[in-house]
Chemist: 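Take this structure, written in structure tokens, and hold onto it; I'll ask about it next.
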Protein chains: 2
Amino acid sequence: MSKRATAAEVAELAGVSRTTVSFVLNNVVGMRISEETRQRVLDAAIKLDYHPDATARRMVTGQTKMIGFVIRQSPDQAFADHFLPQVLHGMSKAVSAQGFHLLLEVIPPENHTGVYMKLINERHVDGIVLSGPRSDDIELRRAYEEGANIVMLGQLPGEKIPFADVNNVGGAQLATQHLLGLGHTRIGMITNAPLAYTASADRLAGYRLALEEAGLIYDESLVRLGNFTMESGVKAMHELLALKERPSAVFVASDTVALGALQAAQLAGLKVPQDLAVCGFDDIPLAQYVDPALTTVQLPAFGLGWAAAEMLIRMISKDKVKNPYIMLNTDLIIRNSCGARLAPK
Amino acid sequence: MSKRATAAEVAELAGVSRTTVSFVLNNVVGMRISEETRQRVLDAAIKLDYHPDATARRMVTGQTKMIGFVIRQSPDQAFADHFLPQVLHGMSKAVSAQGFHLLLEVIPPENHTGVYMKLINERHVDGIVLSGPRSDDIELRRAYEEGANIVMLGQLPGEKIPFADVNNVGGAQLATQHLLGLGHTRIGMITNAPLAYTASADRLAGYRLALEEAGLIYDESLVRLGNFTMESGVKAMHELLALKERPSAVFVASDTVALGALQAAQLAGLKVPQDLAVCGFDDIPLAQYVDPALTTVQLPAFGLGWAAAEMLIRMISKDKVKNPYIMLNTDLIIRNSCGARLAPK
DNA sequence: TAATTTAGCTAACACGTATTAGCAACACGA
DNA sequence: TCGTGTTGCTAATACGTGTTAGCTAAATTA
């Protein structure tokens, strides 16, 4: 590797001082440089293939121009999730548009939290986006209180830390309203996860809200809990179908769980959507390929990543962030499993 | 944000020199420090919540302890690919095991290549893993010749640049041998992409090799070209089935294309695998959910990421890399579409 | 002509660390 | 007493840049 050229060498070749080189190459305003000198410097820089050293620049500016993306989940889980790539894409776009770079860090939950705090403490980055925050993370809270630049992906109830999240309530409402609009009055629900998960509780709340807005009463006997897996969907649907007055539609707050639910319904001899309407949540890639194609709620994954990174960079730049709590809305993707494409009842 | 403590402040509090602080905190061997002094330094560091500044450390060591992962594809494409998350997972694991960090950079192909060379030129990273290298990338070649630490994910024919790649020949061979072992003698093939793509040509070569090893002659009329999409699979399969002597099995060198092929076969009234055996390539998540579940070749995505990062770090550390050309083998995942689970013919 | 401004540039400092060379005090053997 | 080690520490330098303060000579003004 040929030795790197420094600004000093450029200065020498151009016959000027290092300061002048800096002024020319950074286009510093207010500094009087003659056109001739400027050209000499530029020529020298090109001739020596000079590139300013990012580290030295970091040193003197005090800015790393880097943000960290910390994934605080089991790697297997985080990387299996189709959601992640799109979030990354959004972050990448926002970050590079601002001349920043993206540092990716995966911290298994069992690891001590200090591991990712090092990113901030040792000044590897100017701030972090934290995916999968945990409520028992005391170091996170302390870092925030000490003024660290942190944006969470997903919210922690009762915390004031800035976040970007999906409007789970609204999304569930959307799905439920859609089913209501198709004439269903007895609509079951299977959650995506135990209610300890904020997203899960919110989706249940959205379901309930839609029902009550429509003048229906919320009936707890129509609700079952899923836990991320297809199997939990099978079990839950099985129970719902065993009710003496079974629902004519089911909102499943997770596509994966919905796949299990679909399977259970078909196993019970029901045709979807003719005998039973089903609506999912997440819009996983698989959703459009299963039979019947799954009507579902699409999450703004790209937008979420983009918004989180954008807000973080604003915070770093000391720009005013009017509202550090971002909620992105969802879209309803209508396919075949809900019956909207059949003749209306 | 409370002011950061520096090593100098720790030194003052402990009543020693800054040098001593450095020796103690870095456990420098060969330096005689009395137990009492050592303790005083450690206490002071804790009391001041001291964390060494990564930037200053980079400055003096000349190492960034960072590697860049450059994705030189259209972001939409790169992030839609299920392959990426697993590769990232592998890299993340290798990288953190060596005390390195991972910088993620997405460069759309239309962008000037200089964009990612800045990562090296400006010393943001010690080396890069390049995904989706292009043969017309002259800056890449020049950087390599100048001694830059670069590992490619996937190979560029005729280049000496280190790479980690999947053994596409071997994988295709595996799939074809499997079909041969089931008694098929007239085996068609649909490629994953035009043959200009190395991976595509390699998979075709593996197919041919397996046939010839089995004493069969390679028949070009049984081969069709796919181009990444389901639609191309539909078309190709349609053509193969229209042959007057149609194949009894088809090896499709891409699961996505295979989905289209499956669809076409079923549309033609054929039952898979009874009437036609099909084998895919890639093992996309969908593969196990379609009906029939797709027999396919699984790529070592995690291993690929891990190996590439690992090798790069070795190069950076000036460790001898015995063989800078890594080829990882594939696994055959036997499901239902090939007929291996039926009674043997 | 003297005083002031201005154009065009540079000297010097700061950022926070790792590391080499060396210094003072003391112990020990001859 | 002198030389030779050894223990425990420190002074000083280097890394490559951004930036403030200031300097010289020429141009302008009074």
Side-chain angles (χ1 to χ4, degrees), chain A residues 1 3-42 44-45 48-66 99 118 120-124 126, chain B residues 1 3-42 44-45 48-66 99 118 120-124 126:
Chain A
M1 180 132 38
K3 210 79 209 80
R4 284 173 54 79
T6 72
E9 290 165 22
V10 174
E12 195 182 7
L13 179 58
V16 297
S17 76
R18 211 175 45 67
T19 308
T20 301
V21 171
S22 180
F23 287 160
V24 170
L25 296 180
N26 295 330
N27 281 315
V28 178
V29 295
M31 289 298 147
R32 319 290 191 150
I33 310 283
S34 71
E35 195 46 47
E36 189 230 330
T37 305
R38 159 176 254 93
Q39 229 7 278
R40 268 214 321 282
V41 171
L42 291 176
L48 295 179
D49 192 28
Y50 170 72
H51 298 272
D53 184 293
T55 303
R57 196 170 254 175
R58 278 169 65 148
M59 189 88 220
V60 64
T61 62
Q63 287 231 5
T64 65
K65 288 282 183 183
M66 250 194 227
K118 281 177 64 174
I120 292 188
N121 287 333
E122 300 183 352
R123 277 252 170 87
H124 288 98
D126 294 330
Chain B
M1 180 129 41
K3 211 78 209 82
R4 286 172 55 80
T6 72
E9 291 165 23
V10 174
E12 194 182 8
L13 179 59
V16 298
S17 75
R18 216 172 40 65
T19 307
T20 303
V21 170
S22 181
F23 286 160
V24 170
L25 296 180
N26 295 329
N27 282 315
V28 178
V29 294
M31 288 300 146
R32 317 291 189 154
I33 309 285
S34 72
E35 195 46 49
E36 190 229 329
T37 304
R38 159 176 253 95
Q39 229 7 277
R40 266 212 324 278
V41 171
L42 291 176
L48 295 179
D49 192 30
Y50 170 73
H51 298 273
D53 184 294
T55 303
R57 195 170 256 175
R58 277 168 66 148
M59 188 87 223
V60 63
T61 61
Q63 288 231 2
T64 64
K65 286 283 181 183
M66 245 190 234
K118 283 178 62 175
I120 293 189
N121 287 333
E122 300 183 352
R123 278 251 169 91
H124 288 99
D126 293 330

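Chain letters run A, B, ... following the sequence lines, proteins first and then strands; every chain starts at 1. Note that this is a predicted model, so its numbers are computed, not measured. Below, each value reflects all heavy atoms present in this structure, side chains not excepted, and no hydrogens, waters or symmetry copies.
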Chemist: Round to a whole Å and report the spacing from CZ of A/R38 to P of C/dG8.
Modeler: 11 Å

Chemist: Taking only the side-chain heavy atoms of A/M31 (C-beta and beyond), determine which of C/dC9, D/dC15, C/dA18 contains the nearest atom.
Modeler: C/dC9

Chemist: May I have the distance from B/N121 (atom CG) to D/dT17 (atom P), rounded to whole angstrom?
Modeler: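 One finds 13 Å between P of D/dT17 and CG of B/N121, rounded.
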
Chemist: Please work out if A/T37 contacts a base, only the sugar-phosphate, or nothing of the nucleic acid, heavy-atom cut-off 4.0 Å.
Modeler: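 Sugar-phosphate, no base atom in range.
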
Chemist: Should B/S17 be listed as having a side-chain N or O under 4.0 Å from OP1 or OP2 of D/dC9?
Modeler: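 Result: no.
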
Chemist: How many Å lie between CG on B/L25 and C1' on C/dG16, as a whole number?
Modeler: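 Rounded to the whole Å, the gap is 13 Å.
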
Chemist: Is A/R57 close enough to D/dG18 that one of its side-chain N or O atoms is under 4.0 Å from OP1 or OP2 there?
Modeler: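 The answer is yes; a side-chain N or O of A/R57 sits under 4.0 Å from OP1 or OP2.
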
Chemist: Examine distances only and state if a side-chain atom of A/R18 and a backbone atom of A/V10 form a donor-acceptor pair shorter than 3.5 Å.
Modeler: no

Chemist: Can you check whether B/S34 has a side-chain N or O nearer than 4.0 Å to OP1 or OP2 of D/dC9?
Modeler: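 B/S34 to D/dC9 OP1/OP2: side-chain N or O found under 4.0 Å.
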
Chemist: Does a side-chain N or O of A/T61 approach OP1 or OP2 of D/dG18 to a distance below 4.0 Å, or not?
Modeler: no

Chemist: When you measure only distances, ignoring hydrogens and angles, does the side chain of B/R18 come within 3.5 Å of the base of D/dT10 through a donor and an acceptor?
Modeler: no

Chemist: Just to confirm, is there a sub-4.0 Å distance from OP1 or OP2 of C/dT10 to any side-chain nitrogen or oxygen of A/T20?
Modeler: yes

Chemist: Between B/T6 and A/E35, which is nearer to the 5' end of DNA chain C once each is assigned its nearest nucleotide?
Modeler: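 The answer here is A/E35.
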
Chemist: Please state how far atom CD in B/E12 lies from atom C1' in D/dA11, giving the value in whole angstrom units.
Modeler: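 Taking CD of B/E12 and C1' of D/dA11, I get 17 Å after rounding.
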
Chemist: What is the separation between atom CD on A/E9 and atom C1' on D/dG16, rounded to the nearest whole Å?
Modeler: 11 Å

Chemist: Rounded to whole Å, how long is the line connecting atom CZ of A/R58 with atom C1' of D/dC15?
Modeler: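 Checked: the CZ to C1' distance equals 14 Å.
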
Chemist: Any idea which of C/dT17, D/dT17, D/dG8 is nearest the B/A56 side chain?
Modeler: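 The closest nucleotide is C/dT17.
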
Chemist: Taking A/N26 for its side chain and A/V28 for its backbone only, find out whether a donor-acceptor pair lies under 3.5 Å.
Modeler: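 Not confirmed, A/N26 side chain does not pair with A/V28 backbone.
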
Chemist: Does either side chain, that of B/S34 or that of B/T37, offer a donor lying less than 3.5 Å from an acceptor on the other one?
Modeler: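 Present: a donor and an acceptor within the cut-off.
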
Chemist: Give a yes-or-no answer on whether the side chains of A/H51 and A/D49 include a donor-acceptor pair shorter than 3.5 Å.
Modeler: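 The answer is yes; a qualifying pair exists.
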
Chemist: Verify whether one side chain among B/T19 and B/S22 offers a donor that lies under 3.5 Å from an acceptor in the other.
Modeler: no

Chemist: What distance do B/D126 atom CG and B/Q63 atom CD have between them, rounded to the nearest 0.5 Å?
Modeler: 5.0 Å

Chemist: Find the distance B/L48:CG to C/dG16:P and express it as a whole number of Å.
Modeler: 14 Å

Chemist: Name the nucleic acid region contacted by B/V28, choosing base, sugar-phosphate or nothing; use a 4.0 angstrom heavy-atom cut-off, strictly under.
Modeler: nothing

Chemist: Heavy atoms from C-beta onward define the side chain here; which of C/dG16, D/dT10, D/dC9 lies closest to that of B/T19?
Modeler: D/dT10

Chemist: If I take atom CE in residue B/M59 and atom P in nucleotide D/dT17, what distance separates them, rounded to the nearest angstrom?
Modeler: 7 Å

Chemist: Please determine, for the side chain of B/D53, which listed nucleotide (C/dA7, C/dC15, C/dG16) has the closest atom?
Modeler: C/dG16

Chemist: Of the nucleotides C/dT17, C/dT10, C/dG8, which one has an atom closest to the side chain of A/F23?
Modeler: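 Nearest nucleotide to the side chain: C/dT10.
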
Chemist: Side-chain N or O of A/R32 less than 4.0 angstrom from OP1 or OP2 on C/dA7?
Modeler: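 For C/dA7, OP1 or OP2 has a side-chain N or O of A/R32 closer than 4.0 Å.
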
